[in-house]
There are 4 protein chains.
Amino acid sequence: MKEDNKEKRIFDAALKLFVENGIDNTSISLISKEAGIATGTIYLYFDNKVDLINKLYISIKKEILEIICTEPTESMLSYDLLEKLWMDGVEWGVNNPCAYRFMMQTEISPYCNEELSAQFANYMKVLTKLVLGSIESKKFKDLPPEYILETIWTHLICTIGYIAKTKTRERKIFFQTLLDGIKY
Amino acid sequence: MKEDNKEKRIFDAALKLFVENGIDNTSISLISKEAGIATGTIYLYFDNKVDLINKLYISIKKEILEIICTEPTESMLSYDLLEKLWMDGVEWGVNNPCAYRFMMQTEISPYCNEELSAQFANYMKVLTKLVLGSIESKKFKDLPPEYILETIWTHLICTIGYIAKTKTRERKIFFQTLLDGIKY
Amino acid sequence: MKEDNKEKRIFDAALKLFVENGIDNTSISLISKEAGIATGTIYLYFDNKVDLINKLYISIKKEILEIICTEPTESMLSYDLLEKLWMDGVEWGVNNPCAYRFMMQTEISPYCNEELSAQFANYMKVLTKLVLGSIESKKFKDLPPEYILETIWTHLICTIGYIAKTKTRERKIFFQTLLDGIKY
Amino acid sequence: MKEDNKEKRIFDAALKLFVENGIDNTSISLISKEAGIATGTIYLYFDNKVDLINKLYISIKKEILEIICTEPTESMLSYDLLEKLWMDGVEWGVNNPCAYRFMMQTEISPYCNEELSAQFANYMKVLTKLVLGSIESKKFKDLPPEYILETIWTHLICTIGYIAKTKTRERKIFFQTLLDGIKY
DNA sequence: CATGAATGAGGCTTCATTCAT
DNA sequence: TATGAATGAAGCCTCATTCAT
C-alpha cells in the first residue's frame with residue numbers, strides 16, 4: 001500500500017527547495033533526493049510538476065486560511081476579532097517561514113491563475129463578512145471592501161517578513177498601524 | 001558602434017515576456033525573436049541570462065526610485081512630501097504595469113540577492129531621512145524606521161495592484177490609510 | 001493452481017492494446033488494467049514483455065496455421081485443397097481482425113526473429129507438400145516453391161485486409177486471382 | 001547557415017537504425033550519434049520524433065511512387081505499361097532494401113494514419129487510370145479497382161522481399177504470376 | 001498466487017551559450 | 001557588430017521490473 005506519509009515528505013522537500021532555489025531551479029530529481037525517494041515515485045502522488053506546485057500551494061494556503069478564517073465567538077467586537085485573526089496569521093507566518101515565502105512567490109508567479117485562486121472563495125467569507133459589517137457600522141472607513149481585504153492581507157505579509165527578519169517580539173504596535181489605517 | 005537602441009529593444013522584449021510567462025519559461029531565443037534580432041546579438045549586450053535579468057531589474061528599480069526619491073523642495077511638510085512621493089509612485093506603477101509586476105516577481109525570487117539590493121542604498125537616503133525626521137518630530141509613530149519604510153513600500157505596491165485591477169481614479173482615500181496607519 | 005483463464009485475459013488485453021496503439025506504446029501497466037489484474041501478476045505468467053509478445057504471437061500464428069494446415073481428405077484435388085485452405089484462412093482473418101493485424105505487425109518487426117519463425121516449420125509441411133506436388137504434376141507453374149508459398153500467404157493477407165475494409169461477401173473471385181497467377 | 005546535407009544525414013541514419021532495431025527501439029540520441037551530429041540538432045530539422053518518422057516515410061514513399069507512377073509513353077499497351085512500372089518498382093526495392101523495409105513497417109504501424117496516406121493521392125492517378133482503363137477494355141478482370149491496386153502493390157512487395165532474400169536474377173516469371181492473376 | 005507501490009534507467013525535448021561566417 | 005546553426009547538458013516524465021505484504 002502507499003506508504004503512510006510519503007506525500008508529506010515530498011511536500012516538505014519541495015517546499016524547502018522551492019524557497020531556497022526558486023521553483024524553476026528545483027528539479028523533480030532534486031526533490032526526490034531531498035525526500036529520500038526515487039524520482040518516479042513522485043509521479044505516483046502527483047501528475048506532473050505543475051500539479052505538485054499547485055497542490056503544495058493549495059495545501060499551504062488552506063492551512064493559513066483555516067487559521068485566519070475560523071468562525072469567531074459571538075461576543076467579539078470587530079476590532080478584537082480582526083486583531084485575533086491578524087495575530088494568528090502573524091504567528092503562523094513566523095513559525096512557517098518557508099510556507100510563507102513559497103505562498104508569496106507563487107501568488108505573483110504565472111503558476112497562480114484564477115482557477116487556483118477560486119478554490120479559496122469559501123474561506124474568505126468570514127473575513128468578508130467582518131469587513132462588510134465593519135464598514136456598515138462605521139467602524140471601518142468607507143472604502144471598497146476588496147481594497148480593505150487586500151490591505152489586511154498585504155499588511156500581514158509585510159509584518160511577517162519584518163518579524164522574521166528582525167526576530168522582534170513586538171506585535172501589537174504593528175497591528176496598530178493596520179487598524180489606524182482602516183478604522184473610521 | 002553598438003546600434004542605437006538595441007539594448008532597449010532587448011529590455012522591452014524581455015520585460016514583456018518575463019511578465020507574461022515567467023522568467024524561467026522565457027528563453028533567450030524567444031526574447032531575440034520578440035526583439036527582432038538574432039539570438040547571439042543578446043550576448044553582445046549581456047554576459048548571460050542572469051546578467052540580463054539583473055540589469056533589467058536594476059534599470060526598472062532605478063526608474064521608480066528616481067521618481068520616488070527625488071530631493072524635495074525645502075518648503076514641503078513631511079506629510080505633503082510623503083504624499084507626493086507616494087502619488088508619483090502609484091502613477092508610475094499604474095502606467096508601467098509590466099515593470100511593476102516584474103519588479104515584484106524578481107524581488108522575492110532567488111535572482112534577487114543582497115548584492116543586488118545594495119545598489120539602491122543611495123536612493124533610499126531621501127526616504128530614510130524623511131522617515132527618521134518624522135519619527136523624531138513625532139509626526140510618525142515611534143516604530144522601527146525599517147518597518148515604516150517596508151510599510152510604505154508594501155502599501156504602495158498593494159495600492160498599485162488594486163488600481164491596476166479596478167481602473168479606479170481614486171487615489172487620496174488610499175493614501176489616507178497609509179498615513180493614518182503610521183502617523184503619530 | 002494458476003487461476004482459470006488469467007493468461008487468456010492477458011492475451012486478449014495485450015492483443016487489443018498492441019493493435020490499437022502499437023506494441024511499444026502499450027505498457028505492461030496498461031495491459032494489466034485492461035485485463036483487470038495487478039501489474040505484477042503478468043510476471044507470474046510471462047518472464048517479461050518480450051516473452052509476452054512472443055507467446056502471444058506464437059499462440060495466434062499456431063491458431064491460423066492449424067486452421068490452414070490441417071491434413072486434407074485424400075480425395076481432394078490440389079486446386080480444391082488450396083481453395084479450402086485459403087477460404088478457411090480468409091474467414092479466420094476476417095473474424096479475428098486484431099489477431100490478423102498483430103500477426104502482420106509482428107512479422108516485420110524486430111521482435112520476430114528466425115528462432116521464432118522456426119517453430120512453425122512443422123505446420124508448413126502440409127502446405128509445402130501441396131505446393132511441391134502441384135509443381136511436379138504441372139498444376140502449378142515451375143516457380144521456386146518458397147516463392148509460391150510466399151505468394152499464397154501474401155495474397156491471403158492482402159485479401160483479408162480488403163475484405164475487412166469493404167465488408168464485401170465476395171470470396172471466390174479473389175481466390176481466382178491467386179489461382180490464375182500460380183497455376184500452370 | 002543550415003549545412004547543406006544535414007537533413008539527409010539524419011534521414012540516412014534514422015532509416016538504417018529504424019530498420020535494424022525498430023522505430024521505437026531507436027532513440028533520437030542514437031540517431032544523432034549515427035549521423036555524427038548533436039542530439040539537439042535534429043530538432044532544428046524536425047519538430048519531434050514523430051515528425052521525423054513522418055517526413056522520412058513521406059520522402060521514401062514519394063521516391064518509389066515517382067518511379068512507379070510516371071506518365072507512360074502514349075504507345076504503351078497496358079500490359080507493357082504495368083510490366084514497366086512493376087519492374088521499376090522491383091528494381092528500386094531491391095536496390096533500397098532499408099527504404100523498402102521501413103515503408104512496410106510504417107504502413108502497418110500506428111504511425112501511419114489516414115492523413116499521412118492522403119498525401120499520395122496524386123501519385124496514384126496514373127496507376128488508377130491504368131487499372132480503370134484496363135478493366136473497361138476487358139484486359140483486366142472485372143474486380144473492384146481498389147482490390148487490383150492492392151494486389152499489384154502487395155505482389156510487388158512480396159516479390160521484392162523474395163528477390164532480396166534469394167538474390168535471384170529472375171524477374172519476368174514473377175511478374176507473370178501477377179499478370180495471370182488479374183488479366184481477363 | 002496476487003497485489004501494486006516503489007524503483008531508476010533511459011527516452012524525448014528544451015535552451016543557454018558558442019562560434020564560424 | 002550581427003547572425004543563427006550547432007552544441008550537449010539537464011530537465012520532465014515513462015515504464016519494465018521487483019518485492020514486501
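Note that the structure is a prediction, hence the values are computed from the model and not measured. Heavy atoms only: backbone and side chains are in, while hydrogens, waters and symmetry mates are out. Numbered from 1 within each chain, the chains take letters A, B, ... in sequence-line order.
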> Going from CD1 on Ile108(C) to CD1 on Ile157(D), what distance comes out if it is rounded to the nearest 0.5 angstrom?
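It comes to 9.5 Å.
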> Is Ile37(D) touching bases, backbone alone, or none of the nucleic acid, heavy atoms closer than 4.0 Å?
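It contacts sugar-phosphate atoms only.
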> What is the distance, rounded to the nearest whole Å, between atom CG of Leu17(A) and atom P of dG11(F)?
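After rounding, the reported distance stands at 12 Å.
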> Whether Glu7(A) and Lys55(A) form a salt bridge (side-chain N of Lys/Arg under 4.0 Å from carboxylate O of Asp/Glu) is what I want to check.
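No, this pair does not count.
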> What's the shortest heavy-atom distance between Gln105(D) and Gly22(D), and which atoms?
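Between these two residues, the closest heavy atoms are OE1-CA, 4.1 Å.
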> Might you work through the side chain to side chain donor-acceptor pair (under 3.5 Å) test for Tyr111(A) and Asp24(A), ending with a clear yes or no?
CA-CA 11 Å; Tyr111(A) 291 113; Asp24(A) 292 289; 2.6 Å; yes
> Looking for any heavy atom pair under 4.0 Å, which part of the strands does Ser32(A) touch: base, sugar-phosphate only, or nothing?
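Here Ser32(A) touches no strand at all.
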> Closest nucleotide of DNA chain F for Val50(C) versus for Gly40(B): which of these residues is on the 5' side?
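The residue mapped nearer the 5' terminus is Gly40(B).
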> Between Gly36(D) and Asp24(A), which residue's closest nucleotide on DNA chain F lies nearer the 5′ terminus?
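Final value for this comparison: Gly36(D).
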> What is the separation between atom CG on Asn5(A) and atom P on dA6(E), rounded to the nearest whole Å?
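Roughly 10 Å, once rounded to whole Å.
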> On DNA chain E, does the nearest nucleotide to Ile42(C) precede the nearest nucleotide to Asn48(B) from the 5' side, or the other way round? Give the residue.
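Result of the comparison: Ile42(C).
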> Axis-to-axis angle across the helix from dA2(E)-dT21(F) to dT21(E)-dA2(F), five pairs an end, to 10 degrees?
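About 0° separates the two local helix axes.
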> Compare side-chain N and O positions of Tyr45(C) against OP1 and OP2 of dA2(E) and report whether any pair is under 4.0 Å apart.
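Result: yes.
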> Within this structure, what is the CG-to-P distance between Asp51(C) and dT17(F), rounded to whole angstrom?
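Answer to the nearest Å: 10 Å.
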> Would you indicate, yes or no, if dA2(F) has its OP1 or OP2 atom less than 4.0 angstrom from a side-chain nitrogen or oxygen of Lys6(B)?
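Answer yes for this pair, as a side-chain N or O of Lys6(B) is under 4.0 Å from OP1 or OP2.
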> Tell me which nucleotide among dC12(F), dT14(E), dT1(F) gets nearest to the side chain of Lys49(A).
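Selected nucleotide: dC12(F).
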> In whole angstroms, how far is the P atom of dA5(E) from the CD atom of Glu7(A)?
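Checked: the CD to P distance equals 13 Å.
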> So which one's nearest nucleotide on DNA chain E is more toward 5', Thr26(D) or Ala38(C)?
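Checking each residue's closest nucleotide, the 5'-ward one belongs to Ala38(C).
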> Can you confirm whether or not the ring centre of Phe46(D) sits under 6.0 Å from the ring centre of Phe11(D)?
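Centroid distance Phe46(D)-Phe11(D): below 6.0 Å, so yes.
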> Under 4.0 Å from OP1 or OP2 of dT7(E): is there any side-chain N or O of Thr41(A) that close?
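So the side chain of Thr41(A) is within the cut-off, an N or O lying under 4.0 Å from OP1 or OP2 of dT7(E).
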> At under 4.0 Å between heavy atoms, what does Ile28(A) touch on the DNA or RNA strands: base, sugar-phosphate, or nothing?
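If one applies the 4.0 Å heavy-atom cut-off, Ile28(A) turns out to touch the sugar-phosphate alone, with no base involved.
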> Looking only at side-chain atoms of Thr39(C), point me to the closest of dT17(E), dT13(E), dG4(E).
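Shortest atom-to-atom distance from the side chain points to dG4(E).
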> Any salt bridge between Asp12(B) and Lys16(B), counting N to O under 4.0 Å?
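Result for this pair is no, no salt bridge flagged.
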> Rounded to whole angstroms, how far apart are CZ on Phe46(A) and C1' on dA5(E)?
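It is 15 Å, rounded to the nearest whole Å.
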> Between dC12(E) atom C1' and Ile10(D) atom CD1, what is the distance in whole Å?
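Rounded to whole Å, this separation is 15 Å.
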> Inspect the contact between Arg9(A) and Glu34(A) and indicate whether a charged nitrogen and a carboxylate oxygen are less than 4.0 angstrom apart.
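Salt bridge absent between Glu34(A) and Arg9(A).
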> From CD1 of Ile23(D) over to P of dG11(E), roughly how many Å is that when rounded to an integer?
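Rounding to the nearest Å, CD1 of Ile23(D) and P of dG11(E) are 16 Å apart.
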> Just verifying a value: how many Å separate Ile53(B) CD1 and Ile58(B) CD1, rounded to the nearest 0.5 Å?
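Rounded to the nearest 0.5 Å, the CD1-CD1 separation comes to 12.0 Å.
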> Rounded to the nearest Å, what distance is computed from the OH atom of residue Tyr43(D) to the P atom of nucleotide dG4(F)?
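My rounded result for the distance is 23 Å.
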